[in-house]
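One structure is given here, and the rest of the page talks about it.
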Amino acid sequence: MATKLQHAVWTKLSEIPKGKVVTYVELARAIGKPKAVRAVATAVGKNPNLVVVPCHRVIRSDRSVGKYASGVDKKIALLKSEGINIQKRHVPPEDIFVFDKK
DNA sequence: GCTCTGACGATTT
DNA sequence: GAAATCGCCAGAG
């Protein structure tokens, strides 16, 4: 099952271009709930559609990779494969994607 | 309807 | 710089 919040999150995630990552804050802001970062994180973690939902492109606002269901190390490897020079503790700000805010 | 928990954030110690 | 604390929203029991 999927709540509307989760759907909103996944939809936004699918809009992230390859080679870019997004922070939970930006993602939360994109769905109109900038304070609901925790709810957003929960939604991402429960993502049932790994194909259209690149959850590995989601990082924390402090540029740390955060967590990953299949292992943080895997997440980092995937992002590096997309051209992102990511590290466990920090991610290059220039590779962080920002949603078009209104 | 209340309480606990969570892939978090920001601030303080 | 790392750990602890408080605050935040939504979902699950």
Side-chain angles (χ1 to χ4, degrees):
Chain A
M1 62 177 277
T3 66
K4 291 183 178 180
L5 177 65
Q6 291 178 327
H7 242 290
V9 172
W10 302 332
T11 300
K12 291 297 177 182
L13 272 179
S14 64
E15 295 178 9
I16 302 174
K18 182 182 177 183
K20 291 287 181 180
V21 293
V22 66
T23 65
Y24 287 102
V25 173
E26 286 297 324
L27 186 55
R29 183 180 300 176
I31 65 175
K33 299 180 184 296
K35 299 297 183 184
V37 291
R38 307 185 68 174
V40 172
T42 303
V44 175
K46 292 182 180 176
N47 125 26
N49 208 338
L50 299 173
V51 180
V52 300
V53 183
C55 45
H56 59 272
R57 289 182 187 161
V58 186
I59 62 173
R60 291 181 43 155
S61 62
D62 60 343
R63 286 175 291 175
S64 56
V65 291
K67 286 191 177 180
Y68 192 58
S70 301
V72 180
D73 188 58
K74 198 83 172 218
K75 179 173 182 175
I76 296 172
L78 282 167
L79 292 174
K80 281 190 174 183
S81 297
E82 296 187 349
I84 301 173
N85 185 17
I86 192 174
Q87 298 178 63
K88 283 190 176 183
R89 309 289 296 180
H90 296 289
V91 179
E94 59 266 24
D95 285 327
I96 299 177
F97 177 72
V98 181
F99 289 99
D100 184 25
K101 66 177 180 179
K102 297 177 183 177

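Chain letters run A, B, ... following the sequence lines, proteins first and then strands; every chain starts at 1.
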Within the structure, does a side-chain N or O atom of A:K33 lie under 4.0 Å from either OP1 or OP2 of C:dA10? yes
Once you round it to whole Å, what is the distance between P of B:dG6 and CG of A:N47? 19 Å
For A:A39, which contact category applies under a 4.0 Å heavy-atom criterion: base, sugar-phosphate, or nothing? base
Whole-Å distance separating the CG atom of A:L27 from the P atom of C:dC9: 17 Å
Can you tell which of B:dA10, C:dC9, B:dC8 lies closest to the side chain of A:K35? C:dC9
Any heavy-atom pair between the side chains of A:L5 and A:K33 that's under 4.5 Å? yes
Between atom CZ in A:R63 and atom P in B:dA10, what is the gap in whole Å? 11 Å
Side chain of A:A41: nearest nucleotide among B:dG9, B:dC8, C:dC8? B:dC8
If only atom types and distance count, is the side chain of A:K20 paired as donor or acceptor with the main-chain N or O of A:E94 below 3.5 Å? yes
Take atom OH of A:Y24 and atom P of C:dA10, then tell me their distance rounded to the nearest Å. 17 Å
Please list, for nucleotides 11-13 of chain C, all pairs of protein and nucleotide N/O atoms separated by less than 3.5 Å.
from: C:dG11; atom 1: OP1; to: A:T3; atom 2: OG1; distance (Å): 2.9

Donor-acceptor under 3.5 Å (A:K75 side chain, A:V58 main chain): yes
Remaining members of the apolar cluster that contains A:V72, side-chain heavy atoms under 4.5 Å: A:V21, A:I59, A:V65, A:I76, A:L79, A:I84, A:I86, A:V91, A:I96
With ILVMFWY side chains joined below 4.5 Å, transitively, what does A:V37's cluster contain besides itself? A:V25
Over how many whole Å does the gap from A:H90 atom NE2 to C:dA2 atom C1' extend? 12 Å
Whole-Å distance, A:D62 CG to C:dA3 P, equals 13 Å
Spacing of A:R29 atom CZ relative to B:dG9 atom C1', expressed in whole Å: 12 Å
Base of B:dC8 paired with side chain of A:R60 (donor-acceptor, under 3.5 Å): no
Any donor-acceptor pair under 3.5 Å between the side chain of A:R38 and the base of B:dG9? no
Would you name the heavy atoms of A:Q6 and A:A43 that are closest together and state the gap between them? CG-CB, 3.6 Å
C:dA10 P sits how many Å from A:H7 NE2, rounded? 17 Å
Once you measure the plane-to-plane angle for A:F99 and A:F97, does it fall in the parallel (<30°), tilted (30-60°) or perpendicular (>60°) bin? perpendicular
